[in-house]
Amino acid sequence: MELFYKSTRSDDIKVTASQAILKGLSPDGGLFVPSTLPTLDVSLSDLTKMSYQEVAYVVMKQFLTDFTEEELKNCINRAYDEKFDTPELAPLVKADGAYYLELFHGATIAFKDMALSILPHLLITSARKNQVKNDIVILTATSGDTGKAALAGFADVEGTKIVVFYPKNGVSPIQEKQMVTQKGDNTKVIGIHGNFDDAQTGVKNIFGNKELEKELDAAGYQFSSANSINIGRLVPQVVYYVYSYANLLKEGEITEGEKINVVVPTGNFGNILAAYFAKHMGLPIDQLICASNENKVLFDFFSTGCYDRNRDFKLTSSPSMDILISSNLERLIYLIAGCDAKKNKELMDALKSAGKYEITPDMKEKLADFYGNYTSEAETAETIKDLYEKTGYVIDTHTAVAANVYKKYVKETKDTKKTVIASTASPFKFARSVMDAIDAKKYDSLSDFELVDELSKVANVAVPKAVEELRTAPVRHNTVCEVNEMTDEIKKFLGL
Ligand SMILES: *Cc1c(COP(=O)(O)O)cnc(C)c1O
């Protein structure tokens, strides 16, 4: 059955999956959603016999119906290869009564690799399917993590180039080193004199520059973005929930059809929305447990039905969840409004003008699948320490936010269902916060790389290749520019 994608903000837009991937955002400002949520067409026991790549195919083909089998398998095989440091790509680790789904075995040791390693291939395939002759130039402004994951995904992918802007003095030394050592002739990393907002505004202006668009087109290029609202990032994330269920079943931890819960440390609401899609595909998931850090807009939303971004922004030890507007929530709002684009647009307009909106009682009833809670900074550190002392297993700060919310959930509900916790980053990525949590006094004076070695000893886990390589990797990018020079730098890179 052919699936189409509609906009969350009007009824008159209807595109294929490949067109939705190419466009990213709908022209009316809405997000693309499948016209119906597809279901799995293989049994749970069949899934237990499949590799990650095979599960990826049976899940993604249900969403990307205008891709041929060959096209989709080609994308999957190029994405999910030796870039990952474990053969099963997303292993489950049982610790203290829960199953940690490790989504950090890719090139940049965080879960965004799961989607960003396949997005470039989906994008190029989509371009070819829609007779786009131009090369795609990905433009990204980053506060640290997404930029590196996008660089790693797009490096040396034929038919693409990628330019990443970051605030020169606004990322951590390790994050900067990760980016400026990026390999690949099609990559360009540029520091700007300004903060992340300046970088992001600069990129937005470049996207809106019609003259530049024409100039690029004449030279055989067009811009695109890799941000997390693209369905080409959402769909690959459904895969690992299905895969983790199959793994539990294969290992005899659950029986066929037994319901599990899923806990997701949440920022932009992309990862947990993928779990919701997995549930609607027929995967036996009961509760979707949404974990926030001290920026607890989502916890308040699930408890009151009111989404209110008017509050102080907090910098926490789980920075990838420091978000006050969870963009992907719009898709859920649209779905629980009964696919009512007008209603959704009204709420999103209110969010833009007043910074808040309230859903109807009917809509609130449809949130029964979700449980929300949050974790304070002190609880995050305690959770890392406690789990380590009890089991020897070391988790990162984002995962700790989820682990603590799971504890609160069990205490409140006495629910004993088997539970998968999405583990979204390697502890090595946030070594300082993690080691501080374990023993602040002991590790305080160590340098970043000394800490990494200590963590390796403490956790009894080898230093990941992605970190090891950084020690000696040569700097390949040293361009720094003013905000008003960003366009010129892009042109220089493209030879215009
Ligand atoms: C991006 C990110 C998150 C949040 O995921 P969303 O899909 O934005 O909700 C959580 N943890 C880590 C480590 C991340 O990089």
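Note that ligands are numbered from 1 as they come in the structure, with each ligand's atoms numbered from 1 the same way. For this chain, numbers begin at 1 and follow the sequence in order.
- With a 6.0 Å radius and a threshold of 12 heavy atoms from other residues, nucleotides or ligands, Arg78 has its CZ atom at or below the threshold.
- When each of Thr266, Asp322, Thr397 is checked for a side chain to side chain donor-acceptor pair (under 3.5 Å) with Asn293, only Asp322 meets the rule.
- By the side chain to side chain contact (heavy atoms under 4.5 Å, CB included) test, Val15 pairs with Tyr5, Ile13, Gln19, Ala20, Lys23, Phe32, sequence neighbours left out.
- Applying the 6.0 Å contact sphere to NZ of Lys408 captures more than 12 heavy atoms from other residues, nucleotides or ligands.
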Between ligand 1 and the protein, find all N/O pairs closer than 3.5 Å and give the distance for each.
from     : atom 1 : to     : atom 2 : distance (Å)
ligand 1 : 7 (O)  : Gly270 : N      : 3.2
ligand 1 : 7 (O)  : Asn271 : N      : 2.9
ligand 1 : 8 (O)  : Asn268 : N      : 2.7
ligand 1 : 9 (O)  : Gly267 : N      : 2.7
ligand 1 : 9 (O)  : Asn268 : N      : 3.2
ligand 1 : 9 (O)  : Phe269 : N      : 3.0
ligand 1 : 11 (N) : Thr424 : OG1    : 2.8
ligand 1 : 15 (O) : Lys112 : NZ     : 2.5
ligand 1 : 15 (O) : Ser320 : OG     : 3.4

Self-check item: Full working for ring pair (Phe, Tyr, Trp, His ring centres under 6.0 Å) between Phe84 and Tyr80
Solution: CA-CA 7 Å; Phe84 288 80; Tyr80 301 123; 5.8 Å; yes
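- Among all heavy-atom pairs drawn from Thr380 and Thr375, the shortest one is OG1-CG2, 3.3 Å.
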